[in-house]
Colleague: 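Before we start, here is the structure in question, set down as structure tokens.
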Protein chains: 2
Amino acid sequence: MGKNVPMERRERADAARNRQAILRAAEELLRRHPPEQVSVERVAAAAGVGKGTVFHRFGSRTGLMLELMSERAREFEQAFTEGPPPLGPGAGPAERLVAFFAAVAELAARNGNLVGAIEHARVTSRSHGEQPRESNPVYLAWHRHVCALIAEGRPDVDADQIAHMLLGTLHMEPIASRLRSGEHERLAAAFADLVNGLLGAGAAGG
Amino acid sequence: MGKNVPMERRERADAARNRQAILRAAEELLRRHPPEQVSVERVAAAAGVGKGTVFHRFGSRTGLMLELMSERAREFEQAFTEGPPPLGPGAGPAERLVAFFAAVAELAARNGNLVGAIEHARVTSRSHGEQPRESNPVYLAWHRHVCALIAEGRPDVDADQIAHMLLGTLHMEPIASRLRSGEHERLAAAFADLVNGLLGAGAAGG
DNA sequence: AAATATATGGACCACTGGTCAAGTTTGTCC
DNA sequence: GGACAAACTTGACCAGTGGTCCATATATTT
């Protein structure tokens with residue numbers, strides 16, 4: 001039983017081809033233009049498909065951007081949950097957090113306008129009515145991770161809240177623009193200062 | 001001397017009346033609806049004026065939201081630059097920062113969707129081409145203040161960057177939604193933990 | 001080859017922020 | 001008071017958006 005579960009038939013070959021074309025076109029446009037200039041219609045045109053197809057595949061503008069981000073984040077997620085230290089398990093919480101944020105900063109820097117694009121999509125989305133950022137699975141996983149590490153190092157603080165705050169940093173325009181010009185090490189250093197202040201000398205260790 | 005400088009003639013009485021009507025209408029709508037549902041046209045209708053008038057008075061949707069925020073922030077700005085401690089001068093930098101962020105949290109909580117509305121306006125603005133958040137004078141003043149206090153307490157860190165990060169927190173949706181439901185003390189506590197970690201026990205003192 | 005499930009494209013919709021020329025109101029000066 | 005210019009108001013209009021729909025085309029299965 002259950003050899004081929006028919007609940008989800010595989011995507012048709014042409015559909016899969018188009019999905020890739022759309023993803024790659026969006027990627028390319030985002031690399032060259034600010035998010036508000038990358039409309040669904042332009043993405044469709046660049047991918048050589050109709051606008052309707054994009055909505056068919058991704059549901060909404062937001063869906064497209066989210067998929068793009070998930071693609072990039074999948075490998076990273078594995079690295080911080082089961083990879084080698086200091087990112088993965090094995091190191092102390094402060095060390096892991098610093099490594100995590102350095103990696104996030106680098107990821108964001110490599111991916112140019114993507115973070116901004118997701119924010120833009122969330123905010124301009126008309127149909128699904130402003131779903132909260134928390135419902136983004138990538139964000140959720142990151143938050144859970146940061147939250148756990150903070151709680152481990154400092155059981156006395158509001159880890160949930162602080163995790164949101166630290167992650168939210170990436171959505172700041174002044175930060176994002178520096179990221180775009182390659183200053184991710186500066187961001188990583190600032191993260192390190194904050195994290196070490198919170199977990200480092202202050203309370204946990206000895 | 002300089003009794004009546006003619007460089008800027010006073011606003012006409014009807015214009016001033018309409019400006020107030022528009023401001024109050026926007027305020028009221030934002031209290032009841034999420035920012036993306038508060039279009040310029042709706043504001044105009046609620047204020048009993050034509051859409052063109054809103055643009056005439058405020059230049060753009062962003063201009064309107066910014067003016068709304070400036071109104072609220074003016075008094076607060078005076079409090080933290082020249083008022084009594086712990087907000088104003090007289091207390092140590094850590095203490096002042098904690099007070100500042102508690103006040104900001106409270107201000108944001110009292111003003112519901114305003115912060116979100118400004119973000120929304122910035123991102124959906126079409127004409128002026130996505131001016132950076134840094135050009136908002138209110139944001140600028142806040143950043144300068146936070147920056148100076150951080151630098152005072154911890155000359156070794158990247159105060160400019162960290163100030164952006166701490167302030168950016170307010171623009172997070174998960175944070176903002178909690179703020180809206182009145183949990184500003186929770187946010188203030190988290191700020192205090194971060195600030196005390198950075199300035200408090202860690203490095204500066206003895 | 002026939003049958004069927006799936007994918008496609010682009011006209012279409014409601015709505016947005018923003019513009020503008022034409023008409024109206026106000027303040028001022030005699 | 002009346003006249004006049006400057007300031008103000010207006011709503012039709014524009015370009016552009018995200019999203020929907022369905023007749024048509026294509027891939028897959030039998």
Side-chain angles (χ1 to χ4, degrees), chain A residues 4 6-22 25-26 29 33-66 117-131, chain B residues 4 6-22 25-26 29 33-66 117-131:
Chain A
N4 88 13
M7 284 190 48
E8 297 268 338
R9 303 178 64 128
R10 271 216 14 242
E11 205 168 49
R12 242 168 60 173
D14 53 343
R17 217 181 315 124
N18 281 340
R19 148 171 267 124
Q20 276 307 306
I22 292 165
L29 284 175
H33 306 278
E36 76 273 14
Q37 281 176 28
V38 181
S39 67
V40 175
E41 194 141 6
R42 277 188 63 170
V43 171
V49 305
K51 189 209 245 219
T53 302
V54 177
F55 283 96
H56 254 301
R57 283 280 89 71
F58 300 98
S60 67
R61 197 204 142 103
T62 306
L64 168 60
M65 297 306 179
L66 247 35
I118 287 180
E119 198 62 9
H120 182 265
R122 233 178 42 82
V123 137
T124 58
S125 182
R126 254 182 270 286
S127 69
H128 307 13
E130 181 93 6
Q131 48 192 325
Chain B
N4 96 8
M7 284 189 51
E8 298 267 338
R9 302 177 65 127
R10 272 222 4 249
E11 206 168 49
R12 243 167 60 175
D14 54 343
R17 218 182 314 125
N18 282 340
R19 145 172 269 125
Q20 277 308 305
I22 293 165
L29 285 176
H33 306 277
E36 76 272 16
Q37 281 176 28
V38 181
S39 67
V40 176
E41 194 140 5
R42 277 187 65 172
V43 171
V49 304
K51 188 208 241 214
T53 303
V54 177
F55 283 98
H56 204 39
R57 281 280 90 71
F58 300 99
S60 66
R61 198 204 139 101
T62 306
L64 168 60
M65 298 306 179
L66 247 35
I118 288 180
E119 197 64 8
H120 183 266
R122 235 177 41 79
V123 137
T124 58
S125 182
R126 254 182 270 284
S127 69
H128 308 11
E130 181 91 7
Q131 47 192 328

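So that the names make sense, note that chain A is the first sequence line, chain B the second, and so on, each numbered from 1.
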Colleague: Tell me the interatomic distance from His56(A), atom NE2, to dA23(D), atom P, rounded to whole angstroms.
Modeller: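 In whole Å, dA23(D) P lies 13 Å from His56(A) NE2.
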
Colleague: Would you say His120(B) and Met65(B) make side-chain contact, with heavy atoms under 4.5 Å?
Modeller: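 Sidechains of Met65(B) and His120(B): no contact.
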
Colleague: In whole Å, I'd like the distance from the CZ atom of Arg10(A) to the P atom of dT29(D).
Modeller: 9 Å

Colleague: What's the closest nucleotide to the Arg57(A) side chain, out of dG9(C), dA7(C), dC8(D)?
Modeller: dA7(C)

Colleague: Does Thr53(A) make a side-chain N or O approach to OP1 or OP2 of dG9(C) shorter than 4.0 Å?
Modeller: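 True: Thr53(A) side-chain N/O within range (under 4.0 Å) of dG9(C) OP1/OP2.
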
Colleague: At under 4.0 Å between heavy atoms, which parts of nucleotides 24-30 of chain C does protein reach? Answer with one letter per nucleotide, 5' to 3': B base, S sugar-phosphate only, - none.
Modeller: -BSS---

Colleague: Could you pull out all residues at least two apart from Ala21(B) that satisfy side chain to side chain contact (heavy atoms under 4.5 Å, CB included)?
Modeller: Ala47(B)

Colleague: Any residue in residues 38-48 of chain B with a heavy atom nearer than 4.0 angstrom to DNA chain C? Just list them by number, or reply none.
Modeller: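 Correct list: Ser39(B), Val40(B).
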
Colleague: For Arg12(B), check salt bridge (charged side-chain N to carboxylate O under 4.0 Å, His left out) against everything at least two apart and list the hits.
Modeller: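 By the salt bridge (charged side-chain N to carboxylate O under 4.0 Å, His left out) rule, Arg12(B) matches Asp14(B).
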
Colleague: Of all residues at least two apart in sequence or in a different chain, which pass the side chain to side chain contact (heavy atoms under 4.5 Å, CB included) check with Phe55(A)?
Modeller: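 Checked Phe55(A) against side chain to side chain contact (heavy atoms under 4.5 Å, CB included); matches are Val40(A), Lys51(A).
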
Colleague: Could you tell me which residues satisfy side chain to side chain contact (heavy atoms under 4.5 Å, CB included) with Ala45(A), sequence neighbours excluded, listed by chain and number?
Modeller: none

Colleague: Let me know the distance between CE of Met65(A) and C1' of dG18(D), rounded to the nearest Å.
Modeller: 12 Å

Colleague: Roughly, in whole Å, what's the span from CZ in Phe58(B) to P in dC8(D)?
Modeller: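 Interatomic distance, CZ of Phe58(B) to P of dC8(D): 12 Å.
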
Colleague: Specify the residue among Lys51(B) and Val49(A) whose closest nucleotide of DNA chain C lies further upstream toward the 5′ end.
Modeller: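 First, find each residue's nearest nucleotide; the 5'-ward one identifies Val49(A).
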
Colleague: Quickly work out the His33(A) NE2 to dT17(D) P distance and round it to whole Å.
Modeller: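 Checked: the NE2 to P distance equals 13 Å.
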
Colleague: Please state how far atom CZ in Arg19(B) lies from atom P in dA7(D), giving the value in whole angstrom units.
Modeller: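 So the two atoms are 15 Å apart, to the nearest Å.
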
Colleague: Holding to side chain to side chain contact (heavy atoms under 4.5 Å, CB included), I want the full list of residues that pass it with His56(B), two or more places apart in sequence or in another chain.
Modeller: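 With neighbours one apart ignored, the set is empty.
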
Colleague: Any chance you could measure Arg61(B), atom CZ, to Leu66(B), atom CG, to the nearest 0.5 Å?
Modeller: 12.0 Å

Colleague: Starting at NE2 of His120(B) and ending at C1' of dC15(C), how long is that distance when rounded to a whole Å?
Modeller: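 Result: 12 Å.
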
Colleague: Whole Å only: how far is the CG atom of Asn18(A) from the P atom of dT6(C)?
Modeller: 17 Å

Colleague: With a sphere of 6.0 Å drawn around CD of Glu41(B), does it hold more than 12 non-hydrogen atoms of other residues, nucleotides or ligands?
Modeller: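 Not more than 12 within 6.0 Å, no.
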
Colleague: What residues form a side-chain hydrogen bond (donor to acceptor under 3.5 Å, both in side chains) with Gln20(B), not counting sequence neighbours?
Modeller: Arg24(B)

